[in-house]
> 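Got a structure here, written out as structure tokens. Questions coming.
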Amino acid sequence: VQLQASGGGLVQAGGSLRLSCAASGRTFSNYAVGWFRQAPEKEREFVSAINWSGSTTYYLDSVKGRFTISRDNAKNTVYLQMNTLKPDDTAVYYCAVASSWYGAQSGRYAYWGQGTLVTVSS
């Protein structure tokens, strides 16, 4: 599976962005998808995940109520709608896929995209 993350950019605090993760290759609808992020000089952290059908989602506590993950299997795309952005959300955001539901376990995700940079100014 090849993944292409896009939609990052520079936004002021309180603003919104929508990230997209477009997949090609194997049947996308077979996979759970996760979003992770890595800020400068920090370890990568889990942000959100969605199962193959979209019926199950999971979020990092600090983004609950602000971020929404969704997917459109017909378009082989997963989205991360990010609202009320904060400077602490600044990071490179990566999408990844897993063959089963592993939630926040980054080591279980087999394929990763290249990342898209989100910068939130105060």
Side-chain angles (χ1 to χ4, degrees):
V1 178
Q2 290 79 45
L3 302 173
Q4 180 75 36
S6 62
L10 174 63
V11 64
Q12 289 187 334
S16 298
L17 284 173
R18 188 178 79 158
L19 305 184
S20 297
C21 176
S24 61
R26 299 184 183 181
T27 305
F28 181 65
S29 59
N30 290 344
Y31 293 91
V33 178
W35 284 98
F36 298 81
R37 66 187 181 188
Q38 187 165 19
E41 301 182 356
K42 292 187 178 181
E43 293 186 355
R44 183 175 60 193
E45 68 174 351
F46 167 81
V47 177
S48 183
I50 189 167
N51 73 335
W52 69 273
S53 67
S55 62
T56 300
T57 58
Y58 184 47
Y59 296 93
L60 175 70
D61 282 347
S62 63
V63 308
K64 284 180 181 177
R66 300 189 298 122
F67 292 9
T68 302
I69 191 170
S70 62
R71 68 189 297 160
D72 185 340
N73 287 338
K75 295 183 178 179
N76 287 347
T77 303
V78 167
Y79 304 98
L80 185 68
Q81 178 67 44
M82 306 188 297
N83 297 329
T84 318
L85 282 161
K86 304 176 180 180
D88 283 350
D89 296 318
T90 295
V92 176
Y93 283 70
Y94 300 89
C95 60
V97 297
S99 59
S100 187
W101 176 254
Y102 294 114
Q105 300 178 61
S106 62
R108 305 304 294 268
Y109 286 77
Y111 302 96
W112 291 76
Q114 86 293 354
T116 185
L117 176 62
V118 172
T119 304
V120 184
S121 63
S122 57

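Please read all numbers here as calculations on a predicted model, not as lab measurements.
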> So which heavy atom on Y58 is nearest to which on G103, and how close?
CD2-CA, 4.2 Å
> Measuring from atom CZ of F46 to atom CH2 of W35, what distance do you get when rounded to the nearest 0.5 angstrom?
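That separation rounds to 12.5 Å.
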> Which residue pairs satisfy the salt bridge (Lys or Arg N to Asp or Glu O under 4.0 Å) criterion with at least one member in residues 49-69, sequence neighbours excluded?
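Matches after skipping sequence neighbours: D61-K64, R66-D89.
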> Let me confirm one number: the OG-NZ distance from S122 to K86, rounded to the nearest 0.5 Å.
14.0 Å
> Could you check if a side-chain atom of S48 sits within less than 4.5 angstrom of a side-chain atom of L80, using non-hydrogen atoms only?
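In contact.
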> Drop me the distance from K42's NZ to D88's CG, to the nearest 0.5 angstrom.
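Between atom NZ of K42 and atom CG of D88 there are 6.0 Å.
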> Are Y93 and C95 packed together at the side-chain level, in the sense that at least one heavy-atom pair is separated by less than 4.5 angstrom?
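The answer is no; the side chains never approach within 4.5 Å.
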> Within the distance-only criterion (no hydrogens, no angle test), does the side chain of T77 pair as donor or acceptor with the backbone N or O of A22 below 3.5 angstrom?
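Flag not set: sc T77 to bb A22 has no pair under 3.5 Å.
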> Can a donor-acceptor pair be found, under 3.5 Å and without considering hydrogens, that links the side chain of Q114 to the backbone of A5?
yes
> Distance from Y79 atom OH to I50 atom CD1, nearest 0.5 Å?
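Y79 OH to I50 CD1: 11.5 Å, rounded to 0.5 Å.
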> Would you say that L19 contacts Y94 through its side chain, given a criterion of any heavy-atom pair below 4.5 Å between the two side chains?
no
> Kindly give the heavy-atom pair with the smallest separation between N73 and W52, and that separation in Å.
ND2-O, 3.0 Å
> For residues G34 and Y109, report the shortest heavy-atom separation together with the two atoms involved.
N-CE2, 3.4 Å
> Could you walk me through whether W112 and F36 pass the side-chain contact (heavy atoms from CB on, under 4.5 Å) check?
CA-CA 10 Å; W112 291 76; F36 298 81; 3.5 Å; yes
> Minimum heavy-atom separation for R71 and S53, please, with both atom names.
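Of all heavy-atom pairs spanning R71 and S53, the closest is CD-C, 4.3 Å.
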> Testing N76, T116, L3 one by one against C21 for a side-chain contact (heavy atoms from CB on, under 4.5 Å), which residue passes?
L3
> Could you go through the side-chain contact (heavy atoms from CB on, under 4.5 Å) check for Y111 and V33 one step at a time?
CA-CA 10 Å; Y111 302 96; V33 178; over 6 Å; no
> Between L117 and V92, which heavy-atom pair has the shortest distance, and what is it?
CD1-CG2, 3.9 Å
> Under the salt bridge (Lys or Arg N to Asp or Glu O under 4.0 Å) rule, what pairs show up with a residue in residues 43-53, not counting sequence neighbours?
R37-E45
> Testing the basics here: between L17 and G7, what is the closest heavy-atom pair and its distance to 0.1 Å?
CD2-O, 3.8 Å
> Applying the side-chain contact (heavy atoms from CB on, under 4.5 Å) criterion to F67, which one of L60, T57, L85 satisfies it?
L85
